[in-house]
Amino acid sequence: MIPSVLPTYNRAPLTFVKGEGAWLTEADGRRFLDLGAGIAVNALGHAHPALVAALTEQAHALWHVSNLYNIPQQQALADKLVEHTFADTVFFTNSGTESCELAVKMARKYFYDKGQPERVEIITFDGSFHGRSSAGIAAAGSEKMTKGFGPLLSGFVHLMFGDLDGVTNAITDKTAAILIEPVQGEGGIRPVPDAELKALRQICDDNGLLLILDEVQCGVGRTGRLFAHEWAGITPDIMMVAKGIGGGFPLGAVLATEDAASGMTAGTHGSTYGGNPLGCAVGCAVIDQVATPAFLEGVNRKAGLLRQKLEGLIAEHPEVFEEVRGAGLMLGLKCKASNIDVVNAGYDNEVITVPAADNVIRLLPPLTLTEDDIAQAMIRLDKAASQIEMHLATA
């Protein structure tokens, strides 16, 4: 008999009932150090006082009115994002998947309105993840994402990750945009080098294309800048955002320049819940915390310490781990042992990590992680690695 909850997840046998900071409490009372943060969602940790206050205050005032009317909290968050980024305008969604759908529509509508309706193709890269909607799985193109869900949305050209020559060769009179994650998350924590992001920006400029960045996982302070592309000194035309922007409340956004968004006029897109008062009140509180030099300096300092400790962990357990990679507090440990075994050993030792492609475990802790939390992370990851080594020795 099928469960009442559709069985599309391989869930760990854990049930968390309370969270505070970087810690989660299981129903049986055990405390877990959360180095996953809901897959980079809980940017300010669990039950952050500023987010609790913002949500509670708004909940007592107004929950939902729809986008038929002005929403002051939505306007306030849009103004903050425009102030702190390249963008001139923002559309609010509920998720990264919805942000992908709009980004694709926006790019194609841009060229349609420019009198070039044939320009619909978007160049994407292997290992990418852009959500599980029709556009998202078609953009990623991997068999894992697409098998059984055809016919797929057409108009995506898939290239190897890092193949700049391939990008140039793939451009035709049908090309509209390039879509890329500055740091691949699901693909195994693979950062795009700054030089390559600069080159992609230049290719777009030289060929009249739009550059779409997917910062759903790597944005909102995760890499030590408000958005990851800032390290390369470039700006996109369109950017997808979600996860950390709501700090745990479902919220996403598409940020764009005035030119890139010019085709999206009244009636071309909409969302019943997108930009609702509750979500935007929390989003404002998140941005007020994260978009400050002091906060981002703290992220970089803690990221440096964590990475240093992880290098030591690899040296202590060379049969389990191979390398650390990533940026800021978006780090990956490439494993020699099975990454799933490492994740499960982490559960046994009350530390949460997240698996990814290329035999990697992701470390995506709250950006509010403390030095004491980092020390505990090393103790627990060390115990998990030792447990793996014992299994390897007896296998």
Side-chain angles (χ1 to χ4, degrees), residues 41 43-44 50-51 53-55 57-59 61-107 109-110 131 210-222 225-230 235-292 295-296:
V41 168
L44 299 181
L51 304 194
L55 183 61
E57 180 180 357
Q58 187 59 50
L62 184 67
W63 287 31
H64 177 77
V65 292
S66 91
N67 285 295
L68 294 173
Y69 314 103
N70 295 318
I71 300 174
Q73 298 78 14
Q74 184 181 127
Q75 185 66 58
L77 182 53
D79 289 345
K80 291 177 188 293
L81 291 170
V82 167
E83 175 188 353
H84 289 293
T85 72
F86 72 95
D88 299 311
T89 191
V90 182
F91 182 96
F92 291 105
T93 68
N94 305 286
S95 66
T97 290
E98 291 176 52
S99 294
C100 177
E101 290 289 322
L102 174 54
V104 169
K105 288 178 65 175
M106 184 179 286
K109 188 63 159 53
Y110 173 83
L210 297 176
L211 178 61
I212 307 171
L213 295 184
D214 180 341
E215 293 230 19
V216 168
Q217 191 165 145
C218 63
V220 194
R222 177 60 50 186
R225 293 282 181 91
L226 186 56
F227 290 102
H229 67 266
E230 296 173 25
T235 58
D237 301 292
I238 301 169
M239 182 168 69
M240 299 154 46
V241 180
K243 291 189 181 289
I245 194 174
F249 196 96
L251 182 64
V254 173
L255 283 64
T257 63
E258 182 175 6
D259 183 46
S262 59
M264 302 307 296
T265 55
T268 56
H269 198 66
S271 172
T272 297
Y273 292 109
N276 67 82
L278 287 169
C280 287
V282 176
C284 283
V286 170
I287 295 299
D288 286 344
Q289 295 280 326
V290 174
T292 65
F295 186 91
L296 294 172

Ile71 side, atom CD1; Leu77 side, atom CG - distance, nearest 0.5 Å: 11.5 Å

Counterpart residues, side chain to side chain contact (heavy atoms under 4.5 Å, CB included), relative to Ala50 (two or more places apart): His48, Gln289

Salt bridge (charged side-chain N to carboxylate O under 4.0 Å, His left out): pairs with one or both residues in residues 259-282, sequence neighbours excluded: Lys114-Asp259

Minimum side-chain heavy-atom gap Leu210-Met106 below 4.5 Å: no

Reported OG1-to-CG distance for the pair Thr97 and Leu102, which is rounded to 0.5 angstrom: 13.0 Å

Acceptor/donor pairs from residues 271-283 side chains to any protein atom, 3.5 angstrom cut, sequence neighbours excluded:
residue : atom : partner : partner atom : Å
Ser271  : OG   : Gly274  : N            : 2.8
Asn276  : OD1  : Leu278  : N            : 3.1
Asn276  : OD1  : Gly279  : N            : 2.9
Asn276  : ND2  : Tyr273  : O            : 2.9

Side chain to side chain, Phe92 and Leu81, heavy atoms closer than 4.5 Å: yes

All side chain to side chain contact (heavy atoms under 4.5 Å, CB included) counterparts of Ala87, not counting sequence neighbours: Thr85, Leu255

Pairing residues for Glu230 by the side-chain hydrogen bond (donor to acceptor under 3.5 Å, both in side chains) criterion, not counting sequence neighbours: none

Pair listing, ring pair (Phe, Tyr, Trp, His ring centres under 6.0 Å) test, anchored in residues 235-270, at least two apart: Phe91-His269

Gap separating the CG atom of Leu296 from the CZ atom of Arg225, nearest 0.5 angstrom: 8.5 Å

Side chain Glu215, main chain Met239, donor-acceptor under 3.5 Å: no

Exam field: side chain Thr89 to backbone Ala256, donor-acceptor pair closer than 3.5 Å: no

Heavy-atom closest pair, residues Gly244 and Ala43: O-CB, 3.9 Å

Donor-acceptor contact present, side-chain Lys109 to main-chain Gly263, <3.5 Å: yes

Test side chain to side chain contact (heavy atoms under 4.5 Å, CB included) applied to Ser66 - qualifying residues, sequence neighbours left out: His64, Leu68, Tyr69

Contact check, side chains of Val286 and Ile245, non-hydrogen atoms, under 4.5 Å: no

Minimum heavy-atom distance between His229 and Thr235, given as atom pair plus value: CD2-CA, 4.1 Å

For the student: nearest non-hydrogen atoms of Pro236 and Leu211, plus distance: CB-O, 3.6 Å

Pairs touching residues 236-245 that satisfy salt bridge (charged side-chain N to carboxylate O under 4.0 Å, His left out), sequence neighbours left out: Arg201-Asp237

CD on Glu101 to OG on Ser95, rounded to 0.5 Å: 9.0 Å

Residue pairs involving residues 272-288 (criterion salt bridge (charged side-chain N to carboxylate O under 4.0 Å, His left out); sequence neighbours excluded): Lys80-Asp288

Closest heavy-atom pair and its distance - Lys105, Thr268: NZ-O, 3.2 Å

Qualifying salt bridge (charged side-chain N to carboxylate O under 4.0 Å, His left out) pairs with a residue from residues 266-284, counting only residues at least two apart or across chains: none

Residues which pass side chain to side chain contact (heavy atoms under 4.5 Å, CB included) with Ala103, listed by chain and number, not counting sequence neighbours: Ile212, Ile238, Met240

Residues that Asp79 engages under side-chain hydrogen bond (donor to acceptor under 3.5 Å, both in side chains), provided they are two or more places apart: Gln75

Distance in Å, Cys284 SG paired with Leu51 CG, rounded so as to fall on 0.5 Å steps: 11.5 Å

Approximate separation, where rounding is to 0.5 Å, of Gln73 CD and Asn70 CG: 11.0 Å

